[in-house]
Amino acid sequence: QVQLVESGGGLVQPGGSLRLSCAASGSVSSINVMGWYRQAAGKQRELVAVITDGGITQYAESVKGRFTISRDNAKNTVFLQMDSLKPEDTAIYYCELDRWGDLDVYWGQGIQVTVSS
């Protein structure tokens with residue numbers, strides 16, 4: 001019903017920047033929450049940032065001030081601008097979409113972000 005495709009990951013040095021994009025397609029409601037989660041090796045998946053269709057955002061404390069989430073509602077796309085990257089940001093990043101009135105949560109396939117010198 002909903003497909004999420006991430007792009008923009010890769011390898012970057014500490015202090016560098018990356019921008020992740022996630023395009024949603026299919027039966028996407030205009031009322032939804034989109035966000036980014038990440039899972040580092042040996043750790044549980046954690047919330048990074050989420051944004052509502054109205055532009056309300058929420059960030060994990062570990063990324064606040066360094067990451068910025070935004071979205072283009074017309075294109076059903078969510079972005080994550082990551083600045084001042086640290087090695088501890090290394091993880092697989094997953095795009096997520098939650099439609100209001102729908103119990104299902106939709107996930108992208110995940111994209112690798114590696115911060116290393």
Side-chain angles (χ1 to χ4, degrees):
Q1 296 289 322
V2 176
Q3 298 81 43
L4 302 173
V5 180
E6 302 107 330
S7 62
L11 174 66
V12 66
Q13 293 186 342
S17 298
L18 285 174
R19 185 175 71 92
L20 304 182
S21 299
C22 174
S25 61
S27 301
V28 181
S29 172
S30 61
I31 304 175
N32 62 66
V33 175
M34 297 186 72
W36 294 93
Y37 291 69
R38 68 186 182 187
Q39 186 167 21
K43 296 185 177 181
Q44 296 182 341
R45 186 176 299 184
E46 65 175 354
L47 182 147
V48 177
V50 294
I51 184 168
T52 71
D53 55 281
I56 305 300
T57 61
Q58 184 174 354
Y59 296 90
E61 286 296 323
S62 60
V63 307
K64 192 173 298 182
R66 299 187 298 119
F67 291 9
T68 303
I69 189 169
S70 61
R71 64 188 291 166
D72 184 338
N73 290 338
K75 297 182 178 180
N76 292 320
T77 301
V78 64
F79 307 93
L80 185 68
Q81 178 66 43
M82 303 183 293
D83 298 321
S84 301
L85 283 162
K86 304 175 180 179
E88 50 262 45
D89 295 317
T90 296
I92 299 175
Y93 284 70
Y94 296 90
C95 179
E96 181 262 354
L97 182 148
D98 186 7
R99 302 184 300 189
W100 291 104
D102 188 343
L103 296 178
D104 292 330
V105 177
Y106 301 93
W107 296 94
Q109 65 181 9
I111 188 165
Q112 180 70 47
V113 171
T114 302
V115 184
S116 176
S117 60

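Counting from 1, the numbers follow the sequence of the chain as shown. Fair warning: this is a prediction, and the values are worked out from it, not measured in the lab. Because only heavy atoms are used, hydrogens play no part in the values below, and waters and symmetry mates are left out as well, while side chains stay in.
- For CG of Leu47, the number of neighbouring non-hydrogen atoms (other residues, nucleotides, ligands) closer than 6.0 Å is greater than 12.
- Contact annotation: the side chain of Ser62 never approaches that of Lys86 to less than 4.5 Å [non-hydrogen atoms, C-beta and beyond].
- Separation of atoms CZ (Arg45) and NZ (Lys43) is listed at 15.5 Å; rounding is to 0.5 Å.
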Candidate pair Tyr93 and Glu6, rule side chain to side chain contact (heavy atoms under 4.5 Å, CB included), full reasoning: CA-CA 9 Å; Tyr93 284 70; Glu6 302 107 330; over 6 Å; no

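- Nearest heavy atoms, Met34 versus Cys95: CE-SG, 4.2 Å.
- Among residues two or more places apart in sequence or in another chain, the side-chain hydrogen bond (donor to acceptor under 3.5 Å, both in side chains) test is passed with Glu46 by Arg38.
- Considering only residues two or more places apart in sequence or on other chains, Trp107 meets the ring pair (Phe, Tyr, Trp, His ring centres under 6.0 Å) condition with Tyr37.
- In terms of hydrophobic clustering, with Ile, Leu, Val, Met, Phe, Trp and Tyr side chains grouped at heavy-atom distances under 4.5 Å, Leu80 and Tyr106 are assigned to a common cluster.
- With hydrogens and angles left out, the side-chain atoms of Thr68 and Gln81 include no donor and acceptor closer than 3.5 Å.
- In this structure, CH2 on Trp36 lies 9.5 Å from CZ on Phe79, to the nearest 0.5 angstrom.
- Residue Val5 is found outside any hydrophobic cluster, as its side-chain heavy atoms come under 4.5 Å of no other Ile, Leu, Val, Met, Phe, Trp or Tyr.
- Sorted by first then second residue, the disulfide (SG to SG under 2.5 Å) pairs that include residues 29-66, not counting sequence neighbours, number zero.
- More than 12 heavy-atom neighbours from other residues, nucleotides or ligands sit within 6.0 angstrom of CD on Glu88.
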Using distance only, find each side-chain donor-acceptor pair of residues 16-23 under 3.5 Å and give its atom names and separation, not counting sequence neighbours.
residue: Ser17; atom: OG; partner: Asp83; partner atom: OD1; Å: 2.8
residue: Arg19; atom: NH1; partner: Ser21; partner atom: OG; Å: 3.4

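- Among Ile69, Asp72, Asn32, the one residue that satisfies the side chain to side chain contact (heavy atoms under 4.5 Å, CB included) test with Val78 is Ile69.
- Between the OG atom in Ser30 and the CH2 atom in Trp100 there is a gap of 13.0 Å [rounded to 0.5 Å].
- Annotation for Glu96 and Asp98: closest pair OE2-CB, 3.5 Å, computed over non-hydrogen atoms.
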Which pairs would a plain distance check flag for residues 108-117, meaning a side-chain donor or acceptor within less than 3.5 Å of a matching protein atom at least two apart in sequence or in another chain?
residue: Gln112; atom: NE2; partner: Ala91; partner atom: O; Å: 3.4
residue: Gln112; atom: NE2; partner: Thr114; partner atom: OG1; Å: 3.3

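- Across Leu4 and Leu97, no two heavy atoms sit closer than the pair CD1-N, 3.9 Å.
- If you chain together hydrophobic residues whose side chains sit under 4.5 Å apart, Val50 and Val105 fall into the same group.
- Each of Ile51, Thr57, Thr77 was evaluated against Arg71; a single residue qualifies, Ile51, per the side chain to side chain contact (heavy atoms under 4.5 Å, CB included) test.
- Residue Asp102 holds its CG atom at 9.5 Å from OG of Ser27, rounded to the nearest 0.5 Å.
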Check against side chain to side chain contact (heavy atoms under 4.5 Å, CB included), Asp89 and Arg66: CA-CA 11 Å; Asp89 295 317; Arg66 299 187 298 119; 2.8 Å; yes

